[in-house]
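Scroll down for the structure; my scribbles are underneath it.
Not measured: the values here are computed from a predicted model. Whatever order the structure lists them in is the order used to number ligands and atoms, beginning at 1. Each residue takes its place number in the sequence, starting with 1. Hydrogens, waters and symmetry mates play no part in the numbers below; they use all other heavy atoms, side chains included.
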Amino acid sequence: MNHKMFSQVFCTDNVNKNASGTVALASTLENAKMLSLLALIVPLIVSTSCDEVSSLNNRSFPTNFKFGAATASYQIEGGWNADGKGENLWDWYTHTFPDKIQNRDNGDVACNSYYKWKEDIQLLKDLGVNHYRLSLSWSRILPNGTVNNVNQKGINYYINILETLRANNIEPLVTLYHWDLPLVFHELGGWYNPLLADYFAEYARLCFKVFGKYVKTWITINEPQTTCVQGYGIGGKAPGYLHSGEGVYQCAFTNVLAHAKAYHVYDKEFRASQNGRVSIVLDSAWAEAASDKPEDVLAAETAMAFSMGLYANPIYNGNWPQIVIDRVGNRSLNEGFPASRLPQFTPEQIQLIKGTSDFFCLNTYATSYSQYQNTVNESIGTPDYHLDMGVRSYRDPSWSAVVDWVALVPWGFRSLLNYVWNQYDGVNEIVVTENGWADVESTLNDTARITYVSEYLSALLDAYYEDGVNVTGYTVWSLLDNFEWTNGYTQKLGIVQVDFNDPDRTRTPKESYGWYKGVIARRCLLESCVN
Ligand code: NOJ
């Protein structure tokens with residue numbers, strides 16, 4: 001049975017799927033015959049961009065499938081020094097190096113959600129989501145990072161949010177750490193310092209204890225790859241370090257160790273009484289081989305191993321991916337190092353880390369092609385993560401994109417879901433914890449976002465129904481336009497527009513919000529589905 005349905009896509013300017021839009025168009029039609037024609041075609045309309053033909057999966061989302069929206073503390077809260085909150089890495093980075101951020105923006109006020117959180121929850125409620133993915137600000141709860149000094153006002157802030165979510169029947173997916181490291185730990189070396197794993201486990205224990213009553217789904221760390229590659233490797237995010245050859249791996253080591261220690265705290269001390277589950281959010285673009293040549297196929301495998309694999313392999317399969325061990329090891333020796341630049345896990349650490357995830361959390365935005373690049377002996381003497389990988393990555397210029405890290409490639413998303421499903425041991429469920437479209441204008445008429453999300457959700461249904469991948473949830477990034485890290489407020493991903501020039505940070509739902517609300521209500525990408 002072919003589950004695809006081809007449907008002509010109409011301009012949302014001309015045709016709107018809701019009843020008033022239908023009436024508006026109908027009033028321009030001349031006779032009743034046209035009206036009945038309209039009645040026939042409306043169920044097939046998919047509001048994306050003009051003059052395109054789209055094919056969307058016409059099956060219903062499974063009954064247990066959950067829809068959600070996501071945000072993160074530093075990106076939305078503001079209140080950067082309110083009520084006893086301690087300084088964190090991004091407070092320090094944006095204040096100390098304002099020129100590293102587009103327009104010298106910072107998160108001091110952001111969406112002002114420290115004060116406007118009730119409005120955010122109302123937006124979620126009206127949207128009809130099953131879950132809300134939010135993160136806790138470590139230094140709001142522990143101003144100095146350590147559990148000897150707890151900020152009750154910070155705890156109360158999150159309890160209020162969690163209680164209100166509960167009252168509105170919205171499940172919280174709580175991330176303990178979304179890049180806003182208490183500054184004191186940065187001064188101790190940040191993620192280079194393996195001791196951070198123990199401090200993180202202590203913080204996690206406190207959160208499980210005080211918030212566990214409300215939270216059944218815990219995410220330890222958000223996208224360690226982004227932290228390690230951009231924060232410690234190529235300098236694109238705080239702390240902006242350029243230690244590509246060593247920093248990325250040492251950061252990865254500490255991150256997976258920190259995750260594992262927090263997982264075991266939950267497992268040993270809280271699981272029996274709280275009955276929740278714990279995972280880590282891992283991100284990757286899909287790496288597609290540039291050709292069928294064996295060296296390009298290997299290049300794509302290598303790209304996946306150096307991106308997602310550095311974090312997923314220790315957690316799901318045990319130890320680093322062999323390809324990473326081999327490549328970094330060989331280059332390190334050629335460079336004159338006495339041992340590999342890749343830190344080694346002890347056998348005990350391999351066991352401690354392996355199996356520390358109850359389900360897989362996936363963030364993804366893009367796809368790239370991978371082509372073999374012979375770097376084994378190239379530039380020896382310059383330790384470099386990308387030379388270690390030895391892959392030329394590039395995008396097809398025809399792919400629709402506004403910013404350089406998001407591209408409309410739904411087949412890549414489907415391949416990635418299949419890859420995660422098949423590559424990692426013990427994965428019996430995948431939740432998409434972030435996916436979304438970036439523009440620069442925050443237009444309310446965001447048809448490109450609707451196209452992107454509808455096609456990605458369609459690819460998700462293909463993966464579920466046709467490939468047998470058990471993907472049980474989708475979380476759009478983001479509920480709100482927000483502080484997009486070093487891009488400041490220049491890149492917008494919200495389904496709700498925020499006016500950053502207005503002291504009140506007025507929120508206005510975009511068309512994608514109404515469209516997503518409809519999908520959630522119908523549990524179907526079209527007006528009606530086959531099952
Ligand atoms: C990754 C991060 O988790 C989130 O903080 C960021 O805003 C989005 N993806 C978009 O870059």
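- In summary, the atoms of ligand 1 found under 4.0 Å from a heavy atom of Trp405, numbered by their order in the structure, are 10 (C), 11 (O).
- Ring centroid separation for the pair Trp286 and Trp411 does not come in under the 6.0 Å cut-off.
- A centroid separation of 6.0 Å or more is found between the aromatic rings of Phe253 and Trp191.
- Set against the non-hydrogen atoms of Glu484, the atoms of ligand 1 under 4.0 Å away are 6 (C), 7 (O), 10 (C), 11 (O).
- Of all atoms in ligand 1, numbered sequentially from 1 with element shown, those under 4.0 Å from a heavy atom of Asn222 are 2 (C), 3 (O).
- When each atom of ligand 1 is checked for a heavy atom of His178 under 4.0 Å away, the hits are 2 (C), 3 (O), 4 (C), 5 (O).
- Between the side chains of Gln102 and Trp485, no donor-acceptor pair of N or O atoms lies under 3.5 Å.
- In summary, the aromatic rings of Trp320 and Tyr249 are positioned with their centroids too far apart to meet the 6.0 Å limit.
- Contact analysis leaves Gln491 out of contact with ligand 1, as no non-hydrogen atom separation drops below 4.0 angstrom.
- In the vicinity of Gln75, heavy-atom distances shorter than 4.0 Å reach the ligand 1 atoms 4 (C), 5 (O), 6 (C), 7 (O).
- Set against the non-hydrogen atoms of Trp179, the atoms of ligand 1 under 4.0 Å away are 2 (C).
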Pair up each side-chain donor or acceptor in residues 493-500 with any protein partner under 3.5 Å, not counting sequence neighbours, and list the distances.
{"residue": "Gln497", "atom": "NE2", "partner": "Ser442", "partner atom": "O", "Å": "2.9"}
{"residue": "Asp499", "atom": "OD1", "partner": "Asn501", "partner atom": "N", "Å": "2.9"}
{"residue": "Asp499", "atom": "OD1", "partner": "Asp502", "partner atom": "N", "Å": "3.4"}

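- Looking at residues two or more places apart in sequence or on another chain, you find no side chain to side chain contact (heavy atoms under 4.5 Å, CB included) involving Asn81.
- Closest to atom 9 (N) of ligand 1, if we only count protein heavy atoms, is Glu434 OE1, 2.7 Å.
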